[in-house]
Amino acid sequence: MHPAEELRGKKDNKLLHKRIVLGITGSIAAVECVKLARELIRHGATIYPVMTPSATRIIHPDAVEFATGHKPVLQLTGQTEHVSWCGLVEDPVDLLLISPCTANTISKIARGIDDTSVTTCATTAIGSGVQILLVPAMHLSMYDHKIVQKNIDICKDHGVLFIDPFISGNKAKFPEIQEIVETVIRTIGKRDLQKKKILIIGGATAEPIDDIRVLTNRSSGKTAVALSINAFERGADVELWYGYAQEPVPSSIPFKRFETVNDLLVLMNNKGLKQFDSVIVCAAIANYIPKKQKGKIPSGKETLAIDCFQAPVVLETLRSRIPHAKILAFKTEEKKKNVKRKTQQLLNRYHLDGAIGNTLSGFGGEYNEIFLLTKKGKSTWKKGKKEELASVILDLLR
Ligand SMILES: Cc1cc2nc3c(=O)[nH]c(=O)nc-3n(C[C@H](O)[C@H](O)[C@H](O)COP(=O)(O)O)c2cc1C
């Protein structure tokens with residue numbers, strides 16, 4: 001067995017049975033294609049690599065063969081690889097992913113020029129309707145070139161999808177591998193949340209005690225980010241409202257920051273809230289808000305009492321603002337024996353469509369155990385990685 005086969009499905013099967021032609025062109029970011037190919041295989045995909053002559057000067061074809069388990073096509077042969085993969089055939093591939101894609105190759109694709117094995121695959125794919133996804137990588141002066149931009153628009157007009165580079169200084173930077181993989185899954189995955197507009201509210205609140213100190217909690221934001229990524233991969237339009245938390249948010253997920261309960265209420269007042277047909281609240285929101293003191297509470301006191309008042313209940317406001325939306329919310333209990341009862345109470349009190357109970361053990365780590373309850377009375381316990389649980393929770397929104 002080729003070593004690449006040992007990786008197949010190691011993470012999950014989101015791309016199992018999906019066949020992808022990976023076009024590699026002469027950008028320095030071609031050095032990333034080994035990592036990219038292997039990550040796609042970990043999600044189950046089969047990768048057929050195709051390289052331009054310039055790409056072979058940046059990364060050796062042997063490295064690409066090692067990463068994918070297939071000899072890269074450097075020159076088309078009598079096998080007419082471009083047709084059997086990207087043509088009008090019974091079983092074309094699911095995607096032509098060109099990553100990285102140079103300014104040169106973008107422009108050739110836009111103008112129907114095919115003088116490399118990569119551009120010939122692209123011309124064939126556009127003609128037959130095989131989906132193309134391009135990941136441009138180049139110096140900013142090339143990316144900002146008006147003709148290159150025009151050619152990007154021409155490609156888009158023909159249904160070609162792009163992952164926009166991240167502009168930093170004078171570079172149009174290649175995205176994180178994770179972002180490319182998530183977009184591939186979104187493009188050719190199950191798309192069962194397509195057309196859904198989902199808002200995820202996650203992370204902790206942080207309420208000021210004085211001008212520099214806050215009262216917060218240990219919510220890591222992992223569940224919120226896992227839910228956002230899973231919804232994105234399944235084709236939803238997703239937005240994250242993200243509190244005080246450390247888990248990084250991938251650049252494919254649009255997000256707004258909040259710190260206090262009041263910030264959240266302000267966000268909810270916005271007309272934009274009504275666009276969402278579903279909301280999941282997994283944020284650890286303050287129940288008590290300290291009375292803020294001006295400046296800095298002096299150090300050196302032997303004891304310090306901080307007065308708090310009860311926080312307004314965000315779920316109450318949310319339900320009243322969007323009465324027709326599906327709302328799912330989390331409830332954390334200290335003792336597992338109370339989780340079922342308290343989750344049911346939460347669901348009833350705020351007229352939720354689903355409620356998810358868990359214990360303090362879910363805070364911070366990679367794993368959680370949740371009690372899922374729907375308003376129709378279906379319930380189940382699930383244990384696993386937060387990414388796996390995110391998938392189960394989002395099944396409730398299909
Ligand atoms: C080391 C090196 C790095 C390069 N990086 C890029 C790049 O990031 N983006 C780009 O558009 N061109 C880059 N080029 C220029 C392309 O390789 C050149 O335009 C070539 O004709 C592209 O051919 P291809 O599109 O067929 O691969 C680079 C060239 C070299 C030598």
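Excluded from the calculations below are hydrogen atoms, water molecules and symmetry mates; all remaining heavy atoms, backbone and side chain alike, are included.
- Cluster note: Ile209 groups with Leu215, Ile297, Leu304, Ile306 through ILVMFWY side-chain heavy atoms spaced under 4.5 Å, whether in direct contact or through intervening members.
- For the atom pair OG of Ser278 and CD1 of Ile322, the computed distance is 9.0 Å after rounding to the nearest 0.5 Å.
- In plain terms, the two heavy atoms of Cys86 and Val21 that are nearest each other are SG-CG2, 4.4 Å.
- One distance of note links CZ of Arg38 with NZ of Lys10; it measures 10.5 Å at 0.5 Å rounding.
- Within the 3.5 Å criterion, the main-chain N or O of Glu333 finds no donor-acceptor partner in the side chain of Asn338.
- Residues Leu389 and Ile356 fail the side-chain proximity criterion, which asks for heavy atoms closer than 4.5 Å.
- Remark: Lys150 NZ to Ser107 OG distance equals 11.5 Å, nearest 0.5 Å.
- Taking the six-membered ring for Trp and thresholds of 30 and 60 degrees, Trp85 and Tyr48 have nearly parallel ring planes, at less than 30 degrees apart.
- Residue Glu176 qualifies as open at atom CD: its count of foreign heavy atoms under 6.0 Å is 12 or below.
- Placement of Ile393 and Leu199 in two distinct hydrophobic clusters is found when ILVMFWY residues are connected by side-chain heavy-atom separations under 4.5 Å, directly or transitively.
- With a 4.5 Å cut-off on side-chain heavy atoms, Val73 and Gln79 do not count as touching.
- Using a 30° and 60° split on the angle between ring planes, Phe276 and Trp241 fall in the perpendicular class, above 60°.
- Here the closest non-hydrogen pair linking Lys326 and Leu397 is CD-CD2, 4.0 Å.
- A salt bridge links Glu39 with Lys11: the distance from a Lys NZ or Arg NE/NH1/NH2 to an Asp or Glu carboxylate oxygen falls below 4.0 Å.
- Under the 3.5 Å distance criterion, the side-chain polar atoms of Thr105 are left unmatched by any main-chain donor or acceptor of Thr102.
- Here the side chains of Lys108 and Asn104 are in contact, with some heavy-atom distance below 4.5 Å.
- Using a 4.5 Å cut-off between side-chain heavy atoms of Ile, Leu, Val, Met, Phe, Trp and Tyr, with links allowed through other members, Leu15 and Leu133 fall into the same hydrophobic cluster.
- Annotation: side chain of Glu5 is not in contact with side chain of Ile41 (no heavy-atom distance under 4.5 Å).
- Between Cys155 atom SG and Ile126 atom CD1 the span is 6.0 Å, to the nearest 0.5 Å.
- When every heavy atom of Ser99 is checked against every heavy atom of Ile180, the shortest pair comes out as OG-CD1, 3.9 Å.
- Remark: Leu96 CG to Leu161 CG distance equals 11.0 Å, nearest 0.5 Å.
- In terms of heavy-atom proximity, Phe66 sits nearest to Pro3 at CE1-CG, 3.9 Å.
- Within 6.0 Å of CD1 in Ile212 there are more than 12 heavy atoms belonging to other residues, nucleotides or ligands.
- Side-chain contact between Thr205 and Thr260: absent, with no pair of heavy atoms (C-beta onward) separated by less than 4.5 Å.
- Sorted by first and then second residue, the salt bridge (Lys or Arg N to Asp or Glu O under 4.0 Å) pairs with a member in residues 219-237 read Lys14-Glu233, Arg186-Asp237, Asp192-Arg234, Lys197-Asp237, Lys222-Glu247, Lys222-Glu366, Arg234-Asp395; sequence neighbours excluded.
- Cluster membership for Ile109 and Tyr143, using ILVMFWY side-chain heavy atoms within less than 4.5 angstrom, is shared.
- The nearest pair of heavy atoms linking Ala37 to Leu22 is CB-CD2, 4.1 Å.
- Counted within 6.0 Å of CD on Glu334, heavy atoms from surrounding residues, nucleotides or ligands total 12 or fewer; the atom is thus considered open.
- Of the N and O atoms on the side chains of Thr68 and His70, not one donor lies less than 3.5 Å from an acceptor on the other residue.
- At most 12 heavy atoms of other shown residues, nucleotides or ligands fall within 6.0 angstrom of atom NE2 in His158.
- By the 4.5 Å heavy-atom criterion applied to side chains, Ile201 and Leu267 are not counted as neighbours.
- Side-chain contact check for Ser251 and Glu179: at least one donor-acceptor pair (N or O, by modelled atom type) lies under 3.5 Å.
- Using a 4.0 Å cut-off between a side-chain N of Lys or Arg and a carboxylate O of Asp or Glu, Lys35 and Glu32 qualify as a salt bridge.
- Under the 3.5 Å distance criterion, the side-chain polar atoms of Arg257 are matched with a main-chain donor or acceptor of Gly243.
- Counting heavy-atom neighbours within 6.0 Å of Arg57 CZ, excluding the residue itself, gives a total of 12 or less.
- Here the options are Thr359, Thr343, Asn358, the test is side-chain hydrogen bond (donor to acceptor under 3.5 Å, both in side chains), and the partner is Thr332; only Asn358 passes.
- Heavy-atom contacts from other residues, nucleotides or ligands closer than 6.0 Å to CZ of Phe371 number more than 12.
- For the residue pair Gln344 and Asn348, a side-chain donor N or O sits within less than 3.5 Å of a side-chain acceptor on the partner.
- Taken together through direct or relayed side-chain contacts under 4.5 Å among Ile, Leu, Val, Met, Phe, Trp and Tyr, Leu346 and Ile285 form part of one hydrophobic cluster.
- Checked for salt-bridge contact, Asp353 and Lys375 meet the test: a charged N lies under 4.0 Å from a carboxylate O.
- For Lys336 and Glu369, the salt-bridge test passes: some basic side-chain N is under 4.0 Å from an acidic carboxylate O.
- Residue Ala311 comes nearest to Ala286 through the heavy atom pair CB-O, 3.3 Å, listed as atom of the first residue, atom of the second, then distance.
- By the rule that hydrophobic residues join a cluster once side-chain heavy atoms approach within less than 4.5 Å of another member, Leu373 and Trp381 end up as members of one cluster.
- In this structure the side chain of Met51 reaches within 4.5 angstrom of the side chain of Pro61, judged on heavy atoms.
- In this structure, the side chains of Ile200 and Cys282 come closer than 4.5 Å at one or more pairs of heavy atoms.
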